[in-house]
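Numbered from 1 within each chain, the chains take letters A, B, ... in sequence-line order.
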Number of protein chains: 2
Amino acid sequence: MAVTDSLIDAALAILEETGLPGLTVRDVAARAGVAPMGVYSRFGSKDGLLEALFMYGFASLQAAIETPPTASPLTRLRTGCQGYRRFAIHNPQLYHLMFEQMLLLDLSPEAKDLAQRSFGTLVERVHAAMTSSELAGTSSTEVAQQVWSAMHGAVSLEIAGVHFATDRAQSFTAMLDALLIGMAPRR
Amino acid sequence: MAVTDSLIDAALAILEETGLPGLTVRDVAARAGVAPMGVYSRFGSKDGLLEALFMYGFASLQAAIETPPTASPLTRLRTGCQGYRRFAIHNPQLYHLMFEQMLLLDLSPEAKDLAQRSFGTLVERVHAAMTSSELAGTSSTEVAQQVWSAMHGAVSLEIAGVHFATDRAQSFTAMLDALLIGMAPRR
DNA sequence: ATAGATAAAGAACAATGTTCTATAACATAA
DNA sequence: TTATGTTATAGAACATTGTTCTTTATCTAT
């Protein structure tokens, strides 16, 4: 329905413009041209609306890390990581919502499943790089978790403005390179 | 003053018990045995109280990463990182507040300075490890930022419950090891 | 001991999430 | 076409919470 999309669009705009504290049901509804009740009839509650944003965010993130196959699986993994950062930097408040509110929001199984699917993509890329002997280790899940942790930390601190490097994109790449080198097979 | 400490203690307890949404001025004041006004006369606002928690948190974090000198600077760095994780896991809501609210709260210069001092400790450890040729690179700030990013990401996801590794402490150590290996001088 | 200042308690106010109620729109069946 | 049951909407109303105001108590200094 058009109103549902309008509400999500309005919420996304307000979120990035004013941050989470500025995201009120009244403002979202007004911007979408409906009464506050419209939010409740469609999303059940404000948390329901936030969950819709959460899912929209993970769908976007999924698209951002999607990459065409390349000669080297490790290169493809790297490209996906750059897409990850690009998404986070372009949608800082949404990214913040997606990850920092996970702890507070109790998400529906569908929402959790969607988030997990993004992680699954990363696991696949890691697995491919292991198969091509560009990464060492036995558990692709373990390694993917570690890569994700590092990426998430870097973009989180960058979004929060807690970053002391001069070139942040370069710093992100350098960290990732060091990590992947440390994960490479010893010879 | 005793009341100020009581308020902070009460706020810390409520924070860890019920999370940030459950941290209301009324509840904090009641638990400390004073009227809500007591919060405002001492901290100015709820955000002022949160900033006090923020500063308490960074003082605790500073203590947690403090380690006696060891034979190897890199070992000392590793020990400090383990202390970092221990603090975060033992005070998840406080850790969450410290880092995720940085973006929203506008902190006083003193608060920012305190946070930066913790980072300074990390930079020193990295610098020492560079001097002893256990780490490569030129900018200890850059490298420290990358180490911090990875640590922060790992504990953030762990706290948020977004962690697919079986042994989380081991996963943290493995990530850190890989990163530090990747940062070691090539030979 | 008293005057001034300080702090506290409780009421009151504003914003916001949520619910209630009455009304309007709409689909469906005879 | 019309009547009816359902759904959606608008606007008011309610509860919670951050904040402020007002009055009262307490404390300090001379």
Search all heavy atoms of [X] against all heavy atoms of [Y] and return the closest pair with its distance.
X	Y	answer
A/Leu97	A/Phe54	CD2-N, 4.4 Å
B/Met130	B/Ala136	CE-O, 3.3 Å
B/Arg125	B/Thr67	NH1-OG1, 3.3 Å

Identify the pairs formed between an N or O of the protein and an N or O of nucleotides 15-20 of chain C at a distance under 3.5 Å, and give each distance.
from, atom 1, to, atom 2, distance (Å)
C/dG17, OP1, A/Lys46, NZ, 2.8
C/dG17, OP2, A/Val25, N, 2.9
C/dG17, N7, A/Arg26, NH1, 2.7
C/dG17, O6, A/Arg26, NH2, 2.9
C/dT18, OP2, A/Tyr40, OH, 2.9
C/dT18, OP2, A/Lys46, N, 2.9
C/dT18, O5', A/Tyr40, OH, 3.4

Report task. Give a yes/no answer on whether the side chain of B/Ser41 brings an N or O atom under 4.0 Å of OP1 or OP2 in C/dT6. Result ->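 The answer is no; no side-chain N or O of B/Ser41 sits under 4.0 Å from OP1 or OP2.
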Query raised in the report: Any side-chain N or O of B/Arg42 under 4.0 Å from OP1/OP2 of C/dA8?
Result: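 Checking C/dA8 against B/Arg42, a side-chain N or O does come within under 4.0 Å of OP1 or OP2.
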Side-chain touch [X]/[Y], heavy atoms, less than 4.5 angstrom:
X	Y	value
B/Phe43	B/Leu50	no
B/Leu15	B/Asn91	no
A/Met151	A/Arg85	no

**Report entry** Presence of salt bridge, A/Glu51 and A/Lys46, under 4.0 angstrom
**Finding:**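 No, this pair does not count.
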Query raised in the report: What pairs with B/Phe99 under ring pair (Phe, Tyr, Trp, His ring centres under 6.0 Å), at least two apart in sequence or on another chain?
Result: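 Result, ring pair (Phe, Tyr, Trp, His ring centres under 6.0 Å) vs B/Phe99: B/Phe58, B/Tyr95, B/Trp148, B/His152.
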Requested in this report: Any chance you could list the contact pattern along nucleotides 23-28 of chain D? Use B for base contacts, S for sugar-phosphate-only contacts and - for none, protein heavy atoms under 4.0 Å, 5' to 3'.
Outcome: ------
